[in-house]
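Working notes for the structure below.
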Amino acid sequence: MNTDNHPLLNTATFIHNAIRQDLGADLTRLHTRFPPEPGGFLHIGSAKAVYINAELAQIYGGKFNLRMDDTNPVKEDARYVQAIQDEIHWLGYEWDALYKASDYFQIMYDCAVELIEKGVAFVCDMSAEEIRATFGGPGEAGTESPYRNRSIEENLDLFARMKAGEFSDGAKTLRAKIDMASPNLNMRDPVIYRIAHKEHSNTGNTWCIYPMYDFAHPLEDAIEGITHSLCGLEFIDHRPIYEWYVNQLDRFVRKPRQIEFAEINLTNTVLGKRHIRKMVAEGKIDGWDDPRLLTVSGMRRRGYPAAAIRDFLGNTGVAKAQSKVEFNLLEHYVREHLKDMARTVMVVLEPLKVTITNYPDEQTEMLDLAYDSGGAAAEDAVPATRAVPFSRAIYIEATDFMEEPEKKFFRLAPGREVRLKGAYAITCTGVVKDESGNITEILATYDPATRSGNDTSGRKIKGVLHWVEAAHALPIEARLYDTLVLDDDTAENGIVDNPHSLNLIPNALAEPALAAATADDRFQFMRQGYFCLDEIATAASGKPVFNRTVGLKSSYSAK
RNA sequence: AGGGCUGUCGCCAAGCGGUAAGGCACAGGACUUUGACUCCUGCAUUCGAAGGUUCAAAUCCUUCCAGCUCUGCCA
């Protein structure tokens with residue numbers, strides 16, 4: 001693969017430097033991994049971790065593992081294991097190997113025994129509360145456990161009995177013997193193993209003691225031969241403990257190196273898992289695949305191409321500075337891909353009837369219109385043209401007409417002539433209103449000499465409108481997900497009622513060709529933005545539902 | 001308060017002693033059977049602040065300031 005212009009080459013300098021420094025001549029030794037806990041679905045933050053680990057392996061010709069970090073049966077569920085794999089595949093990645101951390105439980109246990117034998121681990125009888133009470137705090141040393149100086153033999157015996165299930169949950173822990181006065185709180189005799197009599201989705205009831213993350217993770221990396229363990233900034237304070245374990249265990253000759261990067265944050269969006277969980281639980285959103293969410297499944301349903309997400313992740317950069325990316329940057333990359341794969345079709349979101357008074361009453365002509373947008377790929381995949389009916393009764397967008405046009409408005413208004421996209425030029429000759437003065441219909445005349453493709457009128461018409469023929473129109477429901485209005489900070493303050501704005505357009509009309517749409521198709525609904533068919537949602541009316549993936553940039557909008 | 005991390009344009013982000021890349025956003029202009037797309041043009045005398053070293057500093061040194069983060073038998 002060609003990686004010459006890879007966006008990751010223009011960023012993540014500190015990671016590249018570390019890789020080159022550690023691997024020197026043989027960069028293909030690079031081995032990365034993505035270690036999700038199977039306790040939830042992936043979101044854009046996880047996607048960034050997948051992206052960095054997988055892409056780096058590709059760039060250097062190394063390897064990339066997927067590893068389910070299932071060391072805590074209390075918080076995990078097997079149903080996520082498959083979902084996570086599907087989501088990574090959808091994002092466009094394949095792993096060289098798939099492992100489960102739980103497959104290493106025996107090795108981990110052996111390592112723990114080794115630590116005890118070396119005299120650097122002990123069984124502690126203190127409760128969680130007692131440990132917390134003697135832990136000290138920032139700037140204040142903790143006090144050592146009274147069980148800290150048990151003999152190696154006693155520790156070995158107690159640990160074996162912990163494993164054998166002699167003690168109840170929380171009764172004992174295995175702790176590392178490091179330094180209760182360390183300024184790094186993670187080094188204050190951290191717990192290595194806890195007791196949990198809980199069936200594990202992979203190991204069943206074989207174990208009733210489970211390793212803690214800080215102990216398990218470096219071992220998992222070392223066992224798999226991971227050279228560089230890339231993770232979020234929140235683990236930076238854990239690096240000393242990560243290295244401590246790996247250095248204590250002589251069996252690991254090659255030591256993996258942990259490198260931290262800043263995770264992604266976006267403005268106006270809720271990323272926090274616990275906020276999402278809450279909104280799902282309260283029924284505020286559809287579920288984890290709600291199109292308003294930046295979960296992988298949500299973005300997929302919303303119509304974001306995976307390639308656009310990858311592009312965004314790469315071009316947004318990898319650094320150590322905490323940052324918050326503007327949402328419109330994500331949308332930029334989505335549009336960038338959509339404009340090359342979307343077919344431009346005519347859909348009227350807010351229909352306003354237009355009667356063309358000089359058009360033959362019983363006549364319907366079929367216009368063969370080219371899909372005028374879309375890149376080369378789209379041209380191969382879909383018919384180049386489609387038939388669009390035209391007759392005396394059509395609908396236009398209500399916002400495309402103004403009885404008293406404002407200064408820069410050059411669409412339809414009384415007396416004005418505009419072109420109907422792909423059809424004829426029409427001139428507004430009258431307005432029909434109901435008793436309360438609302439416009440219910442526009443009257444117009446068309447000029448047969450202006451037929452699209454063979455216009456002999458010689459006139460140059462500035463305004464162009466999209467339209468849908470009345471008798472053949474396909475009723476659809478459109479769902480517009482507009483600018484998100486919430487983020488984790490506001491959610492933190494308890495405002496999770498109307499998370500993101502969703503605008504339902506129940507009575508939109510589309511050209512007949514859309515009846516054949518599939519969930520893989522991408523459309524540009526003229527001025528309304530990019531849409532895709534929602535294969536999951538069904539409108540109560542039975543109409544097909546289209547999600548607006550992203551709006552268009554527009555320099556004019558009629559209010 | 002003790003530790004750690006970070007501070008370059010409105011938002012991301014290059015730069016690693018030789019005189020501020022790029023993208024988004026924004027502002028002009030051209031083009032256009034939609035005002036989209038495309039295409040030009042503009043957009044940090046300055047790198048959190050103040051000192052210092054040097055012929056030369058965003059890059060080295062010193063001090064200060066600001067933001068984030070750490071006291072789960074979670075990951």
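Naming: A, B, ... by sequence-line order, numbering from 1 per chain.
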Whichever of Asn10(A) and Ser127(A) has the more 5' nearest nucleotide on RNA chain B, that residue is Asn10(A)

Taking the C1' atom of each, how far is A25(B) from C11(B), in whole Å?
7 Å

Categorize Val318(A) for me: base, sugar-phosphate, or nothing, with a 4.0 angstrom heavy-atom threshold over every strand shown.
sugar-phosphate

Closest to side chain of Glu326(A), choosing from G35(B), C24(B), G4(B):
C24(B)

Mind checking whether Phe105(A) and His200(A) have ring centres under 6.0 Å apart?
yes

Just call it for Tyr333(A): base, sugar-phosphate, or nothing, with non-hydrogen atoms closer than 4.0 Å on any strand.
sugar-phosphate

Residue whose nearest RNA chain B nucleotide is more 5′ - Ile461(A) or Phe135(A)
Ile461(A)

Out of G15(B), U32(B), U38(B), whichever nucleotide has its closest atom nearest the side chain of Thr13(A)
G15(B)

Can you measure Asp311(A) atom CG to G22(B) atom C1' for me and round it to whole angstrom units?
14 Å

Chi-angle category of G23(B) [syn within 90° of 0, anti beyond]:
anti

Would you indicate which nucleotide in C11(B), U71(B), C73(B) comes nearest to any side-chain atom of Pro138(A)?
U71(B)

Contact class for Ser452(A) (heavy atom, under 4.0 Å): base, sugar-phosphate, or nothing?
base

Can you check the Asn72(A) CG to A75(B) C1' distance for me, whole Å?
8 Å

